[in-house]
Amino acid sequence: MKLGKTSALGIIFSLALVATGCGQKTTTSNPDQAAAVSTPAASEQKLNVEVSFYPMYDFTKNVAGDLADVHTLIPPAMEPHDWEPTPQDIASIEKADVLVYNGAGMESWMDQVKDSLSNSKLVQVEASQGISIREGGEEEHDHEHADKATTTEEHDHADDASAKEGHEHDHDAATGEEHNHDHGGLDPHVWLSPALAIKEVRNIEAGLAKAAPQHANQFKQNADAYIAKLEALDQDFKAAVKDSKRKDFITQHAAFAYLAAEYGLQQVPIAGLSPEQEPSAAQMATVIDFAKEHKVKTIFFETLVSSKVSETIAKEIGAKTAVLNPIEGLTEDEVKAGKDYISVMRENLEALKLALNE
């Protein structure tokens with residue numbers, strides 16, 4: 001008998017309680033980890049931080065510096081939308097000092113995990129707290145007219161700073177107080193706007209400072225230094241699109257609405273919020289018609305899922321394909337190359353500059 005997701009997670013939570021009480025974690029052959037085990041005094045001075053997926057890791061690591069051991073729950077090369085925690089993952093969260101996650105529905109398993117935890121000292125940081133969250137278009141996109149598809153659920157948060165505060169969560173990101181708001185149907189991809197990534201970094205800084213107030217000044221210095229790089233990235237995006245020949249781009253799934261709104265662009269997604277979603281024949285036809293009408297010469301795909309749909313549309317209209325990376329994780333090659341959020345976003349910038357000026 002196939003178990004539903006809720007039942008399966010319930011079993012995982014029960015197993016996690018057993019795993020939590022099973023003593024030490026298995027040691028590894030990593031020399032750095034072995035050194036940490038052999039010097040517990042040094043290890044105790046660092047915060048133990050669990051983060052959900054790659055952008056949260058990179059933001060947290062840049063704020064924490066060497067004052068925390070930061071561990072990513074979702075492996076970098078794994079597409080995170082449908083990932084679920086194992087009992088070992090939940091046990092790791094239970095033992096952590098800080099838990100950092102994006103929120104806005106990105107981690108669909110998070111509410112059940114938090115309900116299962118007994119660590120009252122765990123600082124829970126929802127990085128998207130205080131950001132105006134867009135409604136997702138996965139079910140509501142109207143494909144009768146291509147221009148409607150490009151502007152579905154547009155909010156004015158890019159031009160109105162106060163509107164960014166419009167979707168306030170019912171808890172403080174730094175305190176981890178729980179709320180009853182259902183994030184289902186919302187667009188969680190806020191990290192793809194450098195301007196909104198800055199807000200996420202500040203929320204993470206606040207959470208780390210709550211967990212280790214004696215290091216608050218260092219966390220702020222680290223955050224300030226990293227935010228300076230994000231601000232430079234933001235300015236480069238503004239400069240690049242200001243005088244571009246076109247303002248629309250076709251992408252594999254609807255991950256770039258925040259980036260598009262921030263810089264006055266129009267995202268035309270082939271599929272909805274989930275990269276696993278298969279577009280209907282009508283959706284494909286609408287995007288193809290739009291591409292032909294607007295003489296689109298590049299169809300974007302992404303690295304962690306199949307590019308088949310993008311390649312099909314590109315072949316149909318005689319266009320090329322290129323990567324526009326939602327940075328939901330890094331491939332093994334990207335990890336080996338030492339890439340990070342800012343370097344990949346700069347690759348996205350260069351890819352957009354070419355596509356918007358063809």
* **Donor-acceptor contact below 3.5 Å, side chain Glu293 vs main chain Phe290** => no
* State, without any angle test, whether Asn222 and Gln218 hold a side-chain donor-acceptor pair at a distance under 3.5 Å. => yes
* To do: Taking the side chain as every heavy atom from C-beta outward, state whether Asn119 and Asp97 have any pair of such atoms under 4.5 Å apart.
  => no
* Structure fact -> So CG of Leu67 and CZ of Phe219: to nearest 0.5 Å the spacing works out to 5.0 Å
* Check Val123 against Gly207 and note the closest heavy-atom contact, atom names and distance. => CG1-O, 3.6 Å
* Where Glu334 and Thr303 come nearest, the two heavy atoms and their spacing -> OE2-CG2, 4.1 Å
* Could you please spell out the steps behind the side-chain contact (heavy atoms from CB on, under 4.5 Å) verdict for Tyr226 and Tyr341? => CA-CA 11 Å; Tyr226 187 60; Tyr341 171 86; 3.8 Å; yes
* Side-chain donor/acceptor of Tyr258 to backbone N/O of Arg134, under 3.5 Å -> yes
* Closest contact, heavy atoms only, Leu233 versus Pro194 -> CD2-CG, 3.7 Å
* Asked: Going by atom types alone, do Lys114 and Tyr101 pair a side-chain donor with an acceptor below 3.5 Å?
  -> yes
* Met78, Val323: one ILVMFWY side-chain cluster at the under-4.5 Å cut-off? -> no
* Asked: Does some side-chain heavy atom of Met284 sit less than 4.5 Å from a side-chain heavy atom of Ile313?
  -> yes
* Does the Asp248 side chain pair with the main chain of Gln266, one donor and one acceptor, at a distance under 3.5 Å? -> no
* Structure fact -> Closest non-hydrogen contact found for Leu99 with Leu122 is N-CD1, 3.8 Å
* For the pair Gln112 (side chain) and Trp109 (backbone), establish whether a donor and an acceptor sit closer than 3.5 Å, ignoring hydrogens and angles. => no
* **Ser280 side chain vs Gln283 backbone, donor-acceptor pair below 3.5 Å** => yes
* To do: State, yes or no, whether a side-chain contact exists between Glu328 and His189 at a heavy-atom distance under 4.5 Å.
  => yes
* To do: To the nearest 0.5 Å, tell me how far Lys336 NZ sits from Leu330 CG.
  => 13.5 Å
* If we only count heavy atoms from C-beta on, is the Glu231 to Ile198 side-chain gap below 4.5 Å? -> yes
* Quick one: do the Gln252 and Ser307 side chains pair a donor with an acceptor below 3.5 Å? -> no
* Asked: Any idea which heavy atoms bring Asn203 and Ala127 closest together, and the distance?
  -> ND2-O, 2.8 Å
* **Any donor-acceptor pair under 3.5 Å from Trp83 side chain to Phe53 backbone** => no
* Asked: Is the number of heavy atoms from other residues, nucleotides or ligands under 6.0 Å of Lys315 NZ greater than 12?
  -> no
* **Connected via hydrophobic side-chain network under 4.5 Å: Met345 and Phe301** => no
* To do: Could you tell me whether the side chain of Lys353 reaches within less than 4.5 Å of the side chain of Glu350, counting heavy atoms only?
  => yes
* **Exercise: identify the closest heavy-atom pair between Glu205 and Ala223** => OE1-CB, 3.5 Å
* To do: Check the pair Asp89 / Thr86 against side-chain hydrogen bond (donor to acceptor under 3.5 Å, both in side chains), numbers first and verdict last.
  => CA-CA 5 Å; Asp89 293 323; Thr86 66; 3.0 Å; yes
* Asked: Is the backbone N or O of Gly103 less than 3.5 Å from a side-chain atom of Glu107, with the two atoms forming a donor-acceptor pair by type?
  -> yes
* To do: Compute whether any side-chain donor of one residue and acceptor of the other, for Asn102 and Glu126, lie under 3.5 angstrom apart.
  => no
* Are the side chain of Lys247 and the backbone of Val241 linked by a donor-acceptor contact shorter than 3.5 Å? -> yes
* **Short side-chain donor-acceptor distance under 3.5 Å, Ser92 and Lys95** => no
* How long is the span from the OH atom in Tyr54 to the CZ atom in Phe59, to the nearest 0.5 Å? -> 9.0 Å
* **Check ion pair Asp66-Lys46 (N to O, under 4.0 angstrom)** => no
* **Any side-chain heavy-atom pair of Ser310 and Phe300 under 4.5 Å** => no
* To do: Could you tell me the separation between the CG atom of Asp187 and the CD atom of Glu135, rounded to the nearest 0.5 Å?
  => 10.5 Å
* To do: Consider only side-chain heavy atoms of I, L, V, M, F, W and Y, link residues closer than 4.5 Å, and tell whether Leu324 and Leu354 are in one cluster.
  => no
* Asked: Should Lys199 and Val190 count as side-chain neighbours, where that means a heavy-atom distance under 4.5 Å?
  -> no
* Asked: How far apart are the C-alpha atoms of Ile299 and Ile317, what are their side-chain angles, what is the distance that settles it, and do they pass the side-chain contact (heavy atoms from CB on, under 4.5 Å) test?
  -> CA-CA 10 Å; Ile299 307 297; Ile317 66 173; 3.9 Å; yes
* Measure the spacing between CZ of Phe256 and CG of Leu259 and express it to the nearest 0.5 Å. => 7.0 Å
* Give a yes or no answer on whether the side chain of Thr72 reaches the backbone of Pro75 with a donor-acceptor pair at less than 3.5 Å. => no
* Considering only NZ, NE, NH1 and NH2 on the basic side and carboxylate oxygens on the acidic side, decide whether Glu311 and Lys308 come within less than 4.0 Å. => no
* Could you go step by step and tell me if Leu47 and Asp69 meet the side-chain contact (heavy atoms from CB on, under 4.5 Å) rule? -> CA-CA 6 Å; Leu47 287 175; Asp69 290 321; over 6 Å; no
* **Flag for Asp234-Tyr263: side-chain donor and acceptor within less than 3.5 Å** => yes
* Do Thr321 and Thr298 have side chains that get closer than 4.5 Å, going by heavy atoms? -> no
* Please step through side-chain contact (heavy atoms from CB on, under 4.5 Å) for the pair Asp236 and Leu349, ending with a clear verdict. => CA-CA 8 Å; Asp236 288 345; Leu349 173 58; 3.8 Å; yes
* Asked: Without hydrogens or angle criteria, can the side chains of Ser343 and Asp340 be said to hold a donor-acceptor pair below 3.5 Å?
  -> yes
* Is it the case that more than 12 heavy atoms not belonging to Glu332 sit under 6.0 Å from its CD atom? -> no
* **Nearest-0.5 Å distance that lies between atom CG in Asn325 and atom CG in Asn348** => 5.5 Å
* Using a distance-only test with no angle check, is there a side-chain donor-acceptor pair under 3.5 angstrom linking Thr251 and Gln267? -> no
* Asked: Would you say the side-chain atoms of Arg246 pair up with the backbone N or O of His294, donor to acceptor, closer than 3.5 Å?
  -> yes
* Does Lys339 pair with Asp58 as a salt bridge, N-O distance under 4.0 Å? -> no
